[in-house]
Amino acid sequence: MTTVLMIPNSDKKDAIQGARQFSAHLAKLGGRVVSILEYQPLLQGVCDGFYPAGEALERADMVICIGGDGTIIRSAKLAISMDKPILGINSGRLGFLAAAEANEQEKLTRLLQGDYSIENRMMLEVLVHKPQGIERFVALNDAVVSKGHIAKIIDLTVTCGGKLIGSYNADGLIFSTPTGSTAYNLSAGGPIMDPSLESIIMSPICPHTLAARTIVFSSGLKLEVIPGRLNDGKEAFLTVDGSEFCEVGEGDVVVIQKAKQYCKFISFGDKAFYEIVNQKIKGKG
């Protein structure tokens with residue numbers, strides 16, 4: 001019997017309703033649904049049990065997340081801790097990370113029959129070297145180094161293997177995976193990349209020169225980001241996937257490299273990536 005860990009966006013009524021409907025449908029198909037203790041008031045009556053996050057994930061064969069891309073990213077980071085695949089069901093706006101929409105309950109039959117494939121998505125490991133130690137983060141979409149104040153710019157130097165890549169006077173720099181290329185990177189004028197590729201995309205945010213452009217690096221490289229003098233005595237900030245934050249001071253070094261682990265996304269193969277781009281961004285298809 002396939003056991004699914006169900007995670008909805010608890011702030012959206014349609015996501016909660018969708019989670020209840022999908023959970024009930026999975027039960028009718030012979031599946032077993034568990035969830036995390038915090039969702040018990042929302043999913044009572046449609047789940048077989050509620051447990052602490054680690055135990056719930058350990059009991060599950062896969063994770064189903066219902067929400068937008070932000071919710072899917074948070075759930076994916078839980079899933080990778082035990083190397084479990086995740087199925088994203090979109091109840092948000094764009095939903096690039098989702099393999100199904102909220103009205104596609106028929107895909108649950110395919111899921112329980114094993115009629116799907118696994119897409120291994122590259123992630124970034126981000127290390128912040130400080131005098132007191134190293135802080136480590138993992139990014140599915142992107143890592144952003146920027147100044148934490150409105151209308152402020154920051155000087156950033158980027159090197160690779162001791163060789164200068166460039167010095168940037170900008171609002172910040174985005175380091176993105178191909179999966180995250182359709183997120184902040186796209187808004188900053190960076191390229192859309194097929195998520196099956198492996199590379200590191202660096203896009204300046206509002207650079208104060210026409211010469212600063214996006215660079216796509218091999219995934220095997222290790223990039224070092226060094227902030228310049230911070231005249232107001234404040235620190236720069238690292239933001240990982242829009243939800244994790246770390247202050248970066250003068251003398252700190254941010255290292256960006258490919259992570260060892262991959263995120264496993266469930267795919268039904270019914271739409272190619274470029275069809276999804278046309279549908280989500282261009283409104284076609």
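Everything numeric in this text was worked out from a predicted model, so none of it was measured. Residue numbers run from 1 in the order of the sequence given.
Here the side chain of K107 pairs a donor or acceptor atom with the backbone of A99 at under 3.5 angstrom. The backbone N or O of K163 lies less than 3.5 Å from no partner atom in the side chain of T159, so there is not a single donor-acceptor pair. The main-chain N or O of F50 is never found under 3.5 Å from a side-chain atom of S35 such that the two would form a donor-acceptor pair. The main-chain N or O of G68 is never found under 3.5 Å from a side-chain atom of N90 such that the two would form a donor-acceptor pair. In this structure a side-chain-to-backbone donor-acceptor pair under 3.5 Å is present from K84 to A60. A donor-acceptor distance shorter than 3.5 angstrom exists from the side chain of D48 to the backbone of V33, with no hydrogens or angles considered. Within the 3.5 Å criterion, the main-chain N or O of I174 finds no donor-acceptor partner in the side chain of D142. In this structure a side-chain-to-backbone donor-acceptor pair under 3.5 Å is present from R20 to L42.
When each of L57, I118, I266 is tested with M62 by the rule side-chain contact (heavy atoms from CB on, under 4.5 Å), just one qualifies, namely I266.
By the salt bridge (charged side-chain N to carboxylate O under 4.0 Å, His left out) test, D83 is found to be paired with K264, residues two or more places apart in sequence or in another chain being considered. For E38, there are no salt bridge (charged side-chain N to carboxylate O under 4.0 Å, His left out) partners, not counting sequence neighbours. Judged as a salt bridge (charged side-chain N to carboxylate O under 4.0 Å, His left out), and not counting sequence neighbours, the contacts of R59 are E55.
Pairs passing the salt bridge (charged side-chain N to carboxylate O under 4.0 Å, His left out) check and including a residue from residues 108-124, sequence neighbours excluded, read R110-D115, E119-R121.
Side chains of I72 and F96 form no contact here, defined as non-hydrogen atoms less than 4.5 Å apart. Between I36 and Y51, the closest side-chain pair of non-hydrogen atoms is not below 4.5 Å. The shortest side-chain heavy-atom distance between I205 and L173 does not fall under the 4.5 Å cut-off. Between S146 and I154 the shortest side-chain heavy-atom distance does not fall below 4.5 Å. Looking at L26 and S23, their side chains never come closer than 4.5 Å, going by heavy atoms from C-beta outward. Taking the side chain as every heavy atom from C-beta outward, F217 and I165 approach each other to under 4.5 Å. Looking only at side-chain heavy atoms (C-beta outward), V225 and T157 stay at 4.5 Å or farther from each other. Taking 4.5 Å as the limit, every side-chain heavy atom of S218 sits out of range of all side-chain heavy atoms of S199.
Residue I16 is grouped with residue L108 when hydrophobic side chains (ILVMFWY) are merged at heavy-atom distances under 4.5 angstrom, including chains of intermediate members. Y39 and L37 end up in the same hydrophobic cluster when Ile, Leu, Val, Met, Phe, Trp and Tyr side chains are linked at under 4.5 Å. Under a hydrophobic-cluster definition in which Ile, Leu, Val, Met, Phe, Trp and Tyr are linked whenever side-chain heavy atoms come within less than 4.5 Å, directly or via other members, I66 and L78 are assigned to the same cluster. The hydrophobic clustering, which links ILVMFWY residues whose side-chain heavy atoms are closer than 4.5 Å, places V254 and Y184 apart. Under the 4.5 Å side-chain heavy-atom criterion for grouping Ile, Leu, Val, Met, Phe, Trp and Tyr, L97 is connected to F22 within one hydrophobic cluster.
Counting side-chain heavy-atom gaps under 4.5 Å among Ile, Leu, Val, Met, Phe, Trp and Tyr, the cluster of I226 also holds L127, I134, V253, V255. Membership of the apolar cluster around L197 extends to M193, I201, V216, as traced through chained side-chain contacts below 4.5 Å between ILVMFWY residues.
Heavy-atom minimum distance, C206 versus D171: CB-OD2, 3.6 Å. Shortest non-hydrogen contact noted between F137 and C246 is CZ-CB, 3.6 Å. Shown here for K130 and D252, the closest heavy-atom pair between the two residues is NZ-OD2, 3.0 Å. Minimum heavy-atom separation, P227 to L156: CA-CD2, 3.8 Å. Annotation for L111 and I64: closest pair CD2-CD1, 3.8 Å, computed over non-hydrogen atoms. Scanning both residues, I89 and A98, for their nearest heavy atoms gives C-CB, 4.1 Å.
For the atom pair CD1 (I7) and OG (S75), the distance works out to 4.0 Å, reported to the nearest 0.5 Å. Of the inter-residue distances, the one linking C160 atom SG with I256 atom CD1 reads 12.0 Å to the nearest 0.5 angstrom. Between the OG1 atom in T209 and the OH atom in Y168 there is a gap of 10.0 Å [rounded to 0.5 Å]. Within the model, atoms CD of E247 and CD of E135 stand 9.5 Å from one another, a figure rounded to the nearest 0.5 Å. If you take CD on E101 and OG on S91, they are separated by 9.5 Å, rounding to the nearest 0.5 Å. Of the inter-residue distances, the one linking L164 atom CG with E224 atom CD reads 11.0 Å to the nearest 0.5 angstrom.
Side-chain contact check for D155 and N169: at least one donor-acceptor pair (N or O, by modelled atom type) lies under 3.5 Å. Side-chain atoms of T71 and N9 include a donor-acceptor pair closer than 3.5 Å.
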Practice task
Could you walk me through whether L223 and Q257 pass the side-chain contact (heavy atoms from CB on, under 4.5 Å) test, one step at a time?
Solution key: CA-CA 6 Å; L223 308 178; Q257 61 190 1; over 6 Å; no
Problem - Working for side-chain contact (heavy atoms from CB on, under 4.5 Å), residues N141 and M123 - result: CA-CA 8 Å; N141 260 5; M123 304 181 74; over 6 Å; no
Practice task
Let me see the working for T2 and D61 under side-chain hydrogen bond (donor to acceptor under 3.5 Å, both in side chains), right down to the final yes or no.
Solution key: CA-CA 6 Å; T2 300; D61 300 301; 4.8 Å; no
Practice task
Walk me through it: do Y262 and E198 pass the test side-chain hydrogen bond (donor to acceptor under 3.5 Å, both in side chains)?
Solution key: CA-CA 11 Å; Y262 287 82; E198 294 194 3; 2.7 Å; yes
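A salt bridge does not link R74 with D241: none of the charged nitrogens is closer than 4.0 Å to a carboxylate oxygen. In summary, R136 and E125 engage in a salt bridge, as defined by a charged side-chain N under 4.0 Å from a carboxylate O.
The environment of K222 atom NZ is sparse: at most 12 non-hydrogen atoms of other residues, nucleotides or ligands sit within 6.0 angstrom.
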